[in-house]
Amino acid sequence: MDDYGTKNGNIPLIRLENIGMIYKIGDISYEVLKGINMTIEKGEFVSIMGASGSGKSTLMNILGCLDKPTSGSYFLEGRDVSGLTSDELAEIRNKKIGFVFQGFNLIQRLSILENVMLPLYYAGLHSKDSEKMALSSLKLVDLYDKGNKFPNQISGGEQQRVAIARAIVNDAPIIMADEPTGNLDSVRGADVMKFFKKINEEKGATIILVSHDKNVANYGRRLITVKDGIIISSDTIDAGV
Amino acid sequence: MKQNQVKFAFFLDLQSAYKTLLRNKIRSFLTILGIIIGVGSVIATISIGQGASKAIQNSINSLGSNMLIVLPGSSSLGGIKTGFGVLPTLTLNDTYAIRKLPAVKTDSGNLGMNQQVIWRGNNWSTFVVGANSTFTEIRDWPVAKGTFFTHQQVVSAANVAVIGNTAATELFGLINPIGHIVIIHNVPFTIIGLLSVKGFNAFGQDQDDTVVIPITTMLEKIAGTTWVHAIAVSAKTSKDTSLAQSEITALLRQRHHIPLHKPDDFFVRNLTELAATANSSANTFTILLASIAAVSLLVGGIGIMNIMLVSVTERTKEIGIRMAIGAKKSDILKQFLIESSVLSLFGGMLGIGLGFGISSAISAFSPLKTIVTTEPIIISLVFSLCVGIFFGFYPAFKASRMNPVEALRYE
Ligand SMILES: Nc1ncnc2c1ncn2[C@@H]1O[C@H](COP(=O)(O)OP(=O)(O)OP(=O)(O)O)[C@@H](O)[C@H]1O
Ligand SMILES: [Mg+2]
């Protein structure tokens, strides 16, 4: 078990024990995850790679408390979250996890600022403070002056930076990014990755990143490779890009 | 502080629902059209009904209180004839006998007919009524200027007249009619009083277009008969009306020497009762119409449900995003419920506007004066809010039960 690295007997941020995920479509079941074990410490920057269909997104959904595994246990900060209700999971997502998706997933109807404020709204914060927090979050991704614009008025790279601002506005300790550069060219992609690096280093946020692109994955400091629903390797990345 | 935040949050929810609905103005409008029409017709029908009730109420009041009316002829033969063709059964002496009955406060024999009234060159055809000195009391209709004629003047068949406001204006214009002499049916009458303004009765007749003279003068000098049209009776209290009715029936049968097996040669109508019956059938009619209108409110609710279901499906991705960043089931439920409630409440408000419009149009273009009271407005608002919550619940519930992963994958 300690192959996956529990350091110094401290409680790790994330520990997966034998996580399995089976999808049933009609009579046929697909075993997408086949016993995943892993540990992620606070402040890590982990990249996950693997072939298409290997189960990366499925794993991310479980890590992000969006989905429940069919078997195994998931300990988040030492607490078993595999058996929680959907509302309890919603609260964990709100407080502990920020998401950045491939398709940006901003709400088109809302302004940039309102999009960034939304996690605070669901956390029960509605005061002027929440606007300040959102603005400082936008400042971190160099979009301080774009708050009044709407998602369709800014570029894809900027939209993804807004998504990053939204993910960190609640000071979530974990940021999950599934192919965050998938819809961007390499220049914009690098631009976005710069900010992940920044929030990892400056705010100490733990980042879990899925990417097909080796260059993007190399922003991380550990690389986990998934194949056919199991982890086949977990190595430290020595050199940056 | 906490309280403030909650209030502010609710305001934000409302504002965001409002913004969402404004993005699709035409669709939102079509969605609430059913509610608008429903509430509008409820308000309009109730205003018509209340206007009609009020008109009936007014005509009860204008008749005087606790009023019975004795008419010649048997009720099975159907009522009175107008003009000189009065059925010869009721006399002035019947009137004086009725007045002595215990349940009767006072009464007045009446004979009315249309006559030309002439003053200097002016000529006006009006309703001339012969009545007793008790007229003002029975009809609750005091004089505004001058005096009414006395019992003495009735007994002596004096040539005096009290004029209604409309007839006075037509004949005299701005001149004070009191003291002037008018000619009716070649007989001169001195105007001694001006009646106060009474207005229109339930049938749209101007009650002020009249001249009242002593019944005796009417019988002897104008009609040339001893038979009266009708005897108006005022019972002592409203409870006494039916007692008075039976007393009058017994008295008149005796006075007219009607054998036991023969029917009455007169009939007694309880006008208050009659009016109350008319009032209650007006109410029933209003309720019926209003409930038909309320059905369209329900149909409007189904329209809201339909559009909310479409909206939930369209916004599946948004729901997924909101769930991913921490929205609980109740948050999503609340969001869509507020949207449907704002929709229906807004529809309700527009509907109230429509109802006001319809009812003032009816007031303007028809003799009926409609009345809009606050009750139906509040009830319609509450009802449309309930419709929004009720029909918005299923779509909102559906939205709140979505699986976040699947919702996020929706394109
Ligand atoms: N809801 C579902 N129902 C059935 N099968 C599913 C479902 N979600 C994912 N799968 C299947 O599980 C497998 C893994 O999917 P997943 O999205 O995790 O792959 P991935 O590694 O993220 O691939 P990609 O690199 O293309 O994004 C795929 O074969 C997919 O078809
Ligand atoms: Mg994937």
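Just so you know, these numbers use all the heavy atoms, side chains as well, and skip hydrogens, waters and symmetry mates. To find a chain, count down the sequence lines: A is the first, B the second, and so on, and within it residues start at 1.
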Visitor: Apply side-chain contact (heavy atoms from CB on, under 4.5 Å) to A/S47 and A/I224, showing your working.
Guide: CA-CA 6 Å; A/S47 296; A/I224 290 175; over 6 Å; no

Visitor: Taking only residues two or more places apart in sequence, or in another chain, which ones meet B/F336 in a ring-ring contact (aromatic ring centres under 6.0 Å, His included)?
Guide: none

Visitor: Quick one, A/I48 and A/L209 - any side-chain contact, counting heavy atoms below 4.5 Å?
Guide: no

Visitor: Among the options B/R315, B/R23, B/K317, B/K19, pick out the one with the most heavy-atom pairs lying under 4.5 Å from chain A.
Guide: B/R23

Visitor: Flag the one option from A/Q108, A/R93, A/R166, A/R109 with the top tally of heavy-atom pairs under 4.5 Å to chain B.
Guide: A/R109

Visitor: Which bit of B/Q335 is near chain A, if near means a heavy-atom gap under 4.5 Å: side chain, backbone, both or neither?
Guide: side chain

Visitor: Which residues in residues 129-144 of chain A have any heavy atom lying under 4.5 Å from a heavy atom of chain B?
Guide: none

Visitor: Say whether A/S82 and A/D80, considering side chains only, have a donor N or O and an acceptor N or O under 3.5 Å apart.
Guide: yes

Visitor: Specify which of A/D67, A/L110, A/N170, A/L106 makes the most heavy-atom pairs with chain B at under 4.5 Å.
Guide: A/D67

Visitor: At their closest point, which heavy atom of B/S380 faces which heavy atom of B/V39, and how far apart are they?
Guide: CB-CG1, 3.6 Å

Visitor: Which atoms of A/E114 come close to chain B, meaning under 4.5 Å heavy atom to heavy atom: side chain ones, backbone ones, both, or neither?
Guide: side chain

Visitor: Specify the closest pair of heavy atoms between A/K203 and A/I168, including all atoms of both residues, with the distance to one decimal.
Guide: NZ-O, 3.8 Å

Visitor: Which atoms of A/N61 come close to chain B, meaning under 4.5 Å heavy atom to heavy atom: side chain ones, backbone ones, both, or neither?
Guide: side chain

Visitor: Atom CG of A/L63 and atom CE of A/M38: how far apart are they, to the nearest 0.5 Å?
Guide: 4.5 Å

Visitor: Taking atom types as modelled, is there a side-chain donor on A/T85 or A/E88 under 3.5 Å from an acceptor on the other?
Guide: yes

Visitor: Please test A/F101 against A/F99 for ring-ring contact (aromatic ring centres under 6.0 Å, His included), starting from the C-alpha separation and ending with a verdict.
Guide: CA-CA 6 Å; A/F101 302 93; A/F99 290 95; 5.5 Å; yes

